[in-house]
Amino acid sequence: MILLGVNIDHCATVRQARYREAAATVGGAVEPDPVAFAIASERAGADGITVHLREDRRHIQERDVWRLRESIATRLNLEMACTPAMTEFALKLKPDFVCVVPESRQEITTEGGLDVVGHRERVRACVEALAAAGILVSLFIDPDEPQIELSAKLGAPFVELHTGAYANAYYTPQRAKEFQRLRLGCVRAKDVGLTVNAGHGINYVNIAEVRTLPHLHELNIGHSIVSRALFTGVDEAVREMKARMNA
Ligand code: PXP
């Protein structure tokens with residue numbers, strides 16, 4: 001069975017659109033509460049909750065992450081940039097997983113995988129510090145051989161293969177090429193001993209093909225589930241995705 005990590009960032013995006021200046025992150029008129037979204041997701045079958053605490057704090061806030069740490073019953077996956085400040089935060093928080101992602105102020109969301117090859121020593125320091133604290137580390141990378149092989153050498157037990165290029169190409173002639181790239185990436189990652197997660201841009205349509213990728217352990221899905229939940233509620237949105245993932 002493929003596991004589902006529900007990324008709740010965009011629930012916080014909606015809250016921040018109105019309440020960016022509010023003193024509190026929840027309570028009174030301040031809504032929607034991403035922690036409530038997380039708990040409803042768990043009840044519907046989510047296997048874990050994922051949040052990206054961005055440097056610009058555009059959606060999830062530190063307080064959300066601490067509240068999640070105290071209240072969720074599954075596993076907390078913290079997505080973060082590879083910086084000393086975020087590593088220090090993660091060491092205090094002690095999430096179950098950290099997924100190291102690239103980040104820059106100009107990005108709308110994470111675009112392109114982490115360049116492990118280009119930032120080898122910085123990534124190594126981050127992986128080692130987190131692993132020493134018992135946190136399982138995943139590197140969010142493009143499905144390319146050099147990135148996959150170095151991820152394994154640096155001691156990360158997981159990679160999350162970036163499905164964004166495939167999702168963007170879904171309705172174009174490039175789709176087959178991008179899917180094959182992902183397929184080979186999954187096989188290579190498994191061969192070098194990595195556990196294979198995937199995410200970004202997965203929705204209720206492309207999941208039919210994504211789920212056929214070999215060796216998938218977990219998918220991290222956010223935008224499509226939050227969007228669907230506006231119409232169906234969280235429960236049905238999560239159940240429907242889980243059913244399609246494991247059809
Ligand atoms: N995985 C990672 C590493 C991400 O950064 C994100 C959010 O950009 C996702 C998964 C979820 O992507 P989406 O919101 O498109 O489902």
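Order of listing sets the numbers, starting from 1, for every ligand and every atom in it.
Within ligand 1, the atoms closer than 4.0 Å to a non-hydrogen atom of Gly201 are 12 (O), 13 (P), 15 (O), 16 (O), numbered from 1 in the order shown. Ligand-side atoms of ligand 1 in range of Val101: 3 (C), range being under 4.0 angstrom from any heavy atom. Residue Glu160 approaches ligand 1 through these ligand atoms, each under 4.0 Å from one of its heavy atoms: 1 (N), 2 (C), 3 (C), 10 (C). The distance from ligand 1 to the heavy atoms of Ile221 drops below 4.0 Å at these ligand atoms: 16 (O). Interface atoms of ligand 1 facing His223, defined by a heavy-atom separation under 4.0 Å, are 13 (P), 14 (O), 16 (O). Ligand-side atoms of ligand 1 in range of Asn220: 10 (C), 11 (C), range being under 4.0 angstrom from any heavy atom.
The shortest separation from a heavy atom of His52 to ligand 1 is not under 4.0 Å, leaving the residue out of contact.
In this model, a donor atom of one side chain and an acceptor atom of the other lie less than 3.5 Å apart for Asn77 and Thr50. Between the side chains of Glu42 and Thr74, at least one donor N or O lies within less than 3.5 Å of an accepting N or O.
Annotation for Val6 and Ser41: closest pair CG1-OG, 3.8 Å, computed over non-hydrogen atoms.
For ligand 1, one of its N or O atoms has an N or O atom of His200 under 3.5 Å away.
No more than 12 heavy atoms of other residues, nucleotides or ligands shown are found within 6.0 angstrom of CZ on Arg120.
Each of Leu136, Leu91, Leu78 was scored for a side-chain contact (heavy atoms from CB on, under 4.5 Å) with Leu130, with one residue passing: Leu91.
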